[in-house]
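First comes the structure, then the notes that go with it.
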Amino acid sequence: MTAPHDEVPDGAVRDGADTLALGDAIAFGGGRWLVTAFHGPRVFLTTPGETTAEPLIILQPVLTSAKDFAVLNRAAPRTVVTHRGHELKALPAALRREVTRWERIVKEVLHQQAPNVPAATRPKPAFDPELHTLKQRYRTKADQLTEAGWPTSPATIERKCLAWRKEGLLGLIDRRGQRAASAHGRVDQRVIDLVWEILDGERDQGLSPGTLSRLIGRVQQTVRARYARELADADAATVAALLPSQPTYYRLLQRLGITAHNAHAAAARRAAGPPLSALRPGSRRATTACWPGELVQIDTTGLDVLVVGDDGQIISVELTIAIDVATRSIVGALIVPKRFRRGAGAGRWLGGRATRSFDTVQVVAQSTAPLPVRPGWSPETFMDGSDLPFEELLAADERFAGAAARPVIKPETLVVDHGSPFVSADFTRSCNCLGIEVREARLRTPVDKAIVERAMLAIKTGFSQHLASYTHHRLDLRGKHLRKQPLWTIAQLQDLFEQWVALRWQQTPHGALRSPFTPGLKLTPNQMYAALISLRGYRAMALTESENRKLLPTVWTRINRKGFQINNRTYNLDKGALDPFRGSSGLAAFQGRWEVHYSPNQPEAAWLFNHRAAPDSDPWVEVPFIHRRILHDRWTEESWEQGLQVHLAAGGHRHDEAAIARATHRLLSKAAKGPGPDDAPAASARSRPAAPKEPYAAGMPPLDPEAVRPFRRLDRPAAELFTAGEPVKDSGQSVDAFLASLPELNPPADGDNGYNGQQGEDR
């Protein structure tokens, strides 16, 4: 089908992604081809001279990115405007005409073919590369322009040629008229540097920020001390630039974004440098992906909802999601409790839990398997009635039978932040086992994880705020008596969220999802997945039992005759079955310890990995917890920690595992029975003793009226209370004289028109 050729001509176009057109003769795959048609992203190629052969259909990105791809019918590339062409269009018309003129001059000097000039045209003798050097051509063109009335130096011609080679048309723009004014006016740059230097020094020394007047005074003192000689001999303009007036200082600090409340914070932001974004040279642009799984972002946030924990306490929760960039599909989600309770010992947390590395691994594992539909879910959540290609996916993977309308997308690259669950060794190792590349987002670079951050906000507005006991992040907008509202359990909330994802998120049109054939139509995540999966195909990824165990948290431990311990629990086998593993494992990197995996959700057994096992034998050894028979109900590591806390509060010892197991069993049994009628809140039982239900049930002695002591009676009539004179001890003023100064307290007597008798006589 291909016509072999010896070599590609030297002048062929090798970067022809933007120059490919109908009728072009190209080199690809060791042969010569002719471009006959385009259909979407596909290119139809035929062999020159053969009219009956079937055309070769290939994607254009695959064709143009091949190493031996070249356009053979043109010896030089056409003029191509780069992706920043909008900057050129935004220029005034005069500047665009000047850029076009300089392009013709540069191409003539460098012997680049101008538009509408055949490639076989010979250069002018004055600019022939075979006759003159580049420096001579610079000088010749400068002389020509000067004689034509446009004085130009050879250095200017050289600068324009270098700029055109580096930036294309944008390098020929005269940017002198586009320069913005200085942000700090006529103040000397050294004064600006001193402002930041003083603020950085205060931060390093731990000094408290003061007022702006204190900062201005320190800057002025430093300027006078450091530049005393220069100020003595400087002119008035230099002195004004180094020692501006007080109002100028305040205006300068305002332009720098410095206030009395954020001075040190502004200095810290400046010391950290500007945030990376698409506008900063050398940074990556906004996150994009072309196919499902190419880029997946994962993050954790508080869900702003109060729920009932497994122990009956009201707690907050955290949500971890993984979202595919190409389709905006949520491929994994997990809700975990968030508690803050510090136990005994410095830095020791007991009974507390938030998102851990094992939780993030579970979210990644969810992306490799379909989401099963649970009883009670709406019929609209089933995959067979959605926009997903159910028949094709079911034929490729039988696990899609009875699955929810959420696609299965295995991540190729996973973007994480710098949180401890995502940078842990367990999370990184698990992703490496699945063949997933982990990429950390850059600090202070919002474009790296903007999609998952925006999805978190959409979840809070579309899901959280419609639940009972929704806690707004702003206290002034938070409701009252939230803890008295009907609350969900964590399992119920997880079930609700997964149903919401399949019913609402995956089937709601998204503004960023557009089809190249119908750009005016918004697509849902399921529709976008159905459109893209046809180009990439679907491969089922069913993890084996051994692969699933490798994803569990790892503990490196030593083994003795009593077995080994994991979080204060002893694991061992009967009849010395672990004796072959006693001693060193031979792994020097881990100090001779053995590799053990366990599940925090089912810690009744652990799996020891035997790296010395034969290739055909099972390398896993299941080792049970020695007190597993005490715990009849299903228990987790969190339940064990709660039992340990109860055991320690009762005065028990940390190493008494049997007693801790019995305490855990009692907690599980009590939780299974539910609260009883006589159960009192734990907080009230600790704060005060319980009171009897009827305090007077025991009865009272008979009441004797004669034995009751009456209250003290007044020794004078109430009318004479303020009129009877009684001298005050240790004072020369009588009560009558004192009361006479307060006439409002002494009403007039009968038939008296004044306030008192004395005033009537005086009148």
Side-chain angles (χ1 to χ4, degrees), residues 84 86-88 90-95 98 170-171 173-283 286 442-448 450 453 457 473-477:
R84 296 169 57 193
H86 61 277
E87 299 182 20
L88 186 63
L91 294 176
L95 278 180
E98 184 180 355
L170 297 178
I173 300 175
D174 188 356
R175 303 185 183 275
R176 290 177 293 180
Q178 299 178 329
R179 294 175 183 173
S182 175
H184 47 76
R186 298 182 180 180
V187 180
D188 197 289
Q189 180 62 36
R190 291 173 289 184
V191 178
I192 311 297
D193 297 338
L194 278 178
V195 172
W196 298 117
E197 179 183 339
I198 292 174
L199 291 177
D200 291 338
E202 291 178 353
R203 288 193 311 110
D204 295 339
Q205 297 174 14
L207 301 178
S208 60
T211 61
L212 295 182
S213 59
R214 189 188 79 173
L215 174 62
I216 294 173
R218 292 183 176 181
V219 173
Q220 291 174 341
Q221 293 176 3
T222 307
V223 169
R224 292 190 181 96
R226 187 174 298 182
Y227 304 108
R229 295 183 180 180
E230 183 175 348
L231 290 173
D233 302 333
D235 53 3
T238 304
V239 173
L242 284 173
L243 292 175
S245 62
Q246 199 82 353
T248 303
Y249 264 116
Y250 282 106
R251 288 193 297 268
L252 172 64
L253 296 179
Q254 183 180 6
R255 291 176 179 176
L256 296 177
I258 299 175
T259 64
H261 303 285
N262 72 338
H264 286 183
R269 288 194 301 267
R270 178 185 176 275
L276 294 176
S277 64
L279 301 178
R280 182 172 174 180
S283 63
R442 295 164 294 179
L443 294 174
R444 303 179 71 246
T445 310
V447 296
D448 284 358
E453 296 288 353
L457 179 60
H473 65 278
R474 287 177 52 183
L475 295 179
D476 56 336
L477 298 180

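Note that the numbering runs from 1 along the sequence shown for the chain.
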d(L194 CG, Q189 CD) to nearest 0.5 Å is 10.5 Å
Q.
Contact between V191 and Y249 at the side-chain level, heavy atoms closer than 4.5 Å - yes or no?
A. yes
Smallest heavy-atom separation, R203 atom then A267 atom, equals NE-CB, 3.9 Å
- request: Would you sort out whether S245 and Y250 count as a side-chain contact (heavy atoms from CB on, under 4.5 Å), showing the intermediate values?
  value: CA-CA 9 Å; S245 62; Y250 282 106; over 6 Å; no
Requested in this report: Assess whether salt bridge (Lys or Arg N to Asp or Glu O under 4.0 Å) is satisfied between R218 and E197, documenting all intermediate values.
Outcome: CA-CA 11 Å; R218 292 183 176 181; E197 179 183 339; over 6 Å; no
May I ask you to decide if A241's main-chain N or O and D188's side chain share a donor-acceptor pair within less than 3.5 Å? no
Closest non-hydrogen contact found for L212 with A260 is CD2-N, 3.9 Å
Decide side-chain contact (heavy atoms from CB on, under 4.5 Å) for I173 and E98; before the verdict, give the C-alpha distance in whole Å, the side-chain angles of both, and the deciding distance to 0.1 Å. CA-CA 8 Å; I173 300 175; E98 184 180 355; over 6 Å; no
Rounding to 0.5 Å, atoms CG (D200) and CD (Q205) come to a distance of 11.0 Å
Q | Heavy-atom side-chain contact between E202 and R214 under 4.5 Å | A | yes
- prompt: Distance-only, no hydrogens or angles: does the N262 side chain make a donor-acceptor pair with backbone N or O of G257 under 3.5 Å?
  reply: yes
With the side chain counted from C-beta on, respond yes when T238 and Y227 share a heavy-atom pair under 4.5 Å apart, and no when they do not. no
Rounding to 0.5 Å, atoms CD1 (I198) and CD (Q221) come to a distance of 8.5 Å
Using side-chain contact (heavy atoms from CB on, under 4.5 Å), reason through V195 and I216 one step at a time and then give a plain yes or no.
CA-CA 8 Å; V195 172; I216 294 173; over 6 Å; no
Problem - Sidechain-backbone polar pair: T248 side chain, P244 backbone, donor-acceptor under 3.5 Å - result: no
Item to complete: Could you tell me whether the side chain of T259 reaches within less than 4.5 Å of the side chain of L253, counting heavy atoms only?
Response: no
Inset, instruction - Check whether any side-chain heavy atom of L199 lies under 4.5 Å from a side-chain heavy atom of R270, and answer yes or no. - result: no
Closest non-hydrogen atoms of L231 and V223, given as atom of the first, atom of the second and distance, are CD1-O, 4.2 Å
Check your understanding: Checking side-chain contact (heavy atoms from CB on, under 4.5 Å) for the pair V447/R442: CA distance, chi angles, key distance, verdict?
Key -> CA-CA 9 Å; V447 296; R442 295 164 294 179; 4.2 Å; yes
Are R190 and E230 within salt-bridge range, i.e. N to O under 4.0 Å? yes
| Under 6.0 Å from the CD atom of Q254, do we count more than 12 heavy atoms belonging to anything else shown? | no
